[in-house]
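Below: the structure, in structure tokens.
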Amino acid sequence: MLVYALVLLGLGSCSPTAYNLIYESRKPSDSGLDLGGKSMAVVYLESEDGRDSLYNNLFSDAFAQALEDEYFDGDVAVDVFHQIKEEGRDYSSVKELSDMVMNLGNDVIFLVDTPVSSEDGRTTLSNMYVYDSMSGGNDEVYKKSLSATTTVAVSQGAVARRLASSMVKDFLGNWTKESVILLCFDWEDEWIEAAIHANDMEWKEASDIWLSLMGRKVGLARSAAEYNMAVACYIEDELDLATEWLDRSDSDYTISISSKLRQMIEIKKAGK
């Protein structure tokens, strides 16, 4: 839920109003992987006799759907593949998973190994190996294992979906509240329209208006539009572009809140 809290800048009678935009920002998952904006595929292995094909299929479909709910607004976007497991191959190695990235064309691979059952057949262990080819130099495989027990009242299919639901939690983003300040000349309709779009996180629509305004404004008003563009880029994680817009804003007119945004940009860059 986005909220505007009114804050006055006090730059003069013709100054813009500053609004504090509170929004939720996705942080890296508990696994440490930052999966936002990346393409993903789930690959599950199956034995040659196919005895674990249905189990891993149900597990992988449930896992992929949970990723789609988190990262793609529920749209079908996570590819699910299967392949026969070959003896002697290390499916948890960087080489094996990086080859899958090249072959499938996805940024992130979730590989589901064949399940391991206890002697009595009631307990099932699932192993997963995850490789993020866009992690920025952290070239390693994240490994996760979970087990569940089947009872008379719980089918193997239910166990597969339950394990997937538990396993995926490690890869869902952690959401935190953040805030940024936006500028608006409240007596001009275009500025108000842009602010409404920003409040709805419709940054393309808001940016189109600010770009139009800066082509017709000078001084403080032009600087305010450029500053707002920097805010939009900051929220969209286009940090270098955010700095460029802020430099242009400072060049046209120095606004007191500019230094705060610049500091936020540098902190965010350091954390990536």
Side-chain angles (χ1 to χ4, degrees), residues 1-29 34-38 70-73 134 136 173-272:
M1 186 68 178
L2 304 175
V3 180
Y4 268 136
L6 181 61
V7 181
L8 298 180
L9 272 178
L11 295 177
S13 59
C14 295
S15 299
T17 301
Y19 291 92
N20 191 34
L21 176 64
I22 302 172
Y23 66 101
E24 287 191 321
S25 174
R26 183 194 288 120
K27 301 300 181 183
S29 63
D34 189 355
L35 301 177
K38 298 174 182 177
E70 173 72 11
Y71 294 103
F72 303 98
D73 295 326
M134 306 292 287
N174 292 305
W175 292 87
T176 60
K177 283 187 174 14
E178 294 191 22
S179 66
V180 290
I181 293 176
L182 281 171
L183 300 177
C184 179
F185 291 84
D186 290 341
W187 53 90
E188 295 188 26
D189 290 342
E190 285 177 285
W191 286 95
I192 295 172
E193 183 181 354
I196 292 172
H197 283 304
N199 187 57
D200 292 333
M201 300 296 276
E202 297 171 346
W203 295 109
K204 182 185 183 304
E205 293 79 359
S207 296
D208 286 345
I209 296 173
W210 292 325
L211 285 168
S212 174
L213 286 166
M214 70 179 65
R216 295 180 277 114
K217 301 291 185 178
V218 296
L220 174 58
R222 180 181 175 87
S223 177
E226 291 164 338
Y227 167 87
N228 285 350
M229 286 293 294
V231 171
C233 292
Y234 169 82
I235 292 179
E236 296 285 276
D237 284 333
E238 297 287 346
L239 302 181
D240 289 337
L241 192 56
T243 300
E244 291 179 21
W245 279 114
L246 201 54
D247 288 343
R248 292 178 62 170
S249 173
D250 288 347
S251 176
D252 282 325
Y253 189 102
T254 303
I255 301 172
S256 60
I257 57 174
S258 172
S259 59
K260 172 70 180 304
L261 178 60
R262 191 175 297 277
Q263 182 182 32
M264 291 169 64
I265 292 171
E266 293 306 315
I267 290 173
K268 200 171 188 179
K269 281 183 178 180
K272 292 188 77 68

Gap between atom [atom2] of [Y] and atom [atom1] of [X] - 0.5 Å precision:
{"X": "Ile235", "Y": "Met201", "atom1": "CD1", "atom2": "CE", "result": "5.0 Å"}
{"X": "Met264", "Y": "Leu239", "atom1": "CE", "atom2": "CG", "result": "10.5 Å"}
{"X": "Glu202", "Y": "Asp208", "atom1": "CD", "atom2": "CG", "result": "11.5 Å"}
{"X": "Phe185", "Y": "Ile192", "atom1": "CZ", "atom2": "CD1", "result": "12.0 Å"}
{"X": "Ile196", "Y": "Asp189", "atom1": "CD1", "atom2": "CG", "result": "9.5 Å"}

What's the shortest heavy-atom distance between [X] and [Y], and which atoms?
{"X": "Glu236", "Y": "Trp203", "answer": "OE2-CD1, 3.6 Å"}
{"X": "Ala224", "Y": "Trp191", "answer": "CB-CH2, 3.9 Å"}
{"X": "Leu261", "Y": "Leu246", "answer": "CD2-CD1, 3.9 Å"}
{"X": "Ala242", "Y": "Tyr234", "answer": "CB-N, 3.8 Å"}
{"X": "Trp210", "Y": "Ala198", "answer": "CH2-CB, 4.2 Å"}
{"X": "Asn228", "Y": "Leu183", "answer": "ND2-O, 2.8 Å"}

| said: Donor-acceptor pair, distance only, cut-off 3.5 Å: does the side chain of Tyr227 make one with the backbone of Ile181? | reply: yes

How about [X] and [Y]: do any of their side-chain heavy atoms sit closer than 4.5 Å?
{"X": "Glu226", "Y": "Asp252", "result": "yes"}
{"X": "Met134", "Y": "Asp34", "result": "no"}
{"X": "Val231", "Y": "Leu21", "result": "no"}
{"X": "Thr243", "Y": "Lys269", "result": "yes"}
{"X": "Asp237", "Y": "Lys268", "result": "yes"}
{"X": "Arg248", "Y": "Arg222", "result": "yes"}
{"X": "Ser223", "Y": "Ser249", "result": "yes"}

| task | Verify whether one side chain among Ser258 and Arg262 offers a donor that lies under 3.5 Å from an acceptor in the other. | result | no

| field | Sidechain N-carboxylate O distance under 4.0 Å for Glu188, Lys217 | value |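 Looking at Glu188 and Lys217, the cut-off is met.
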
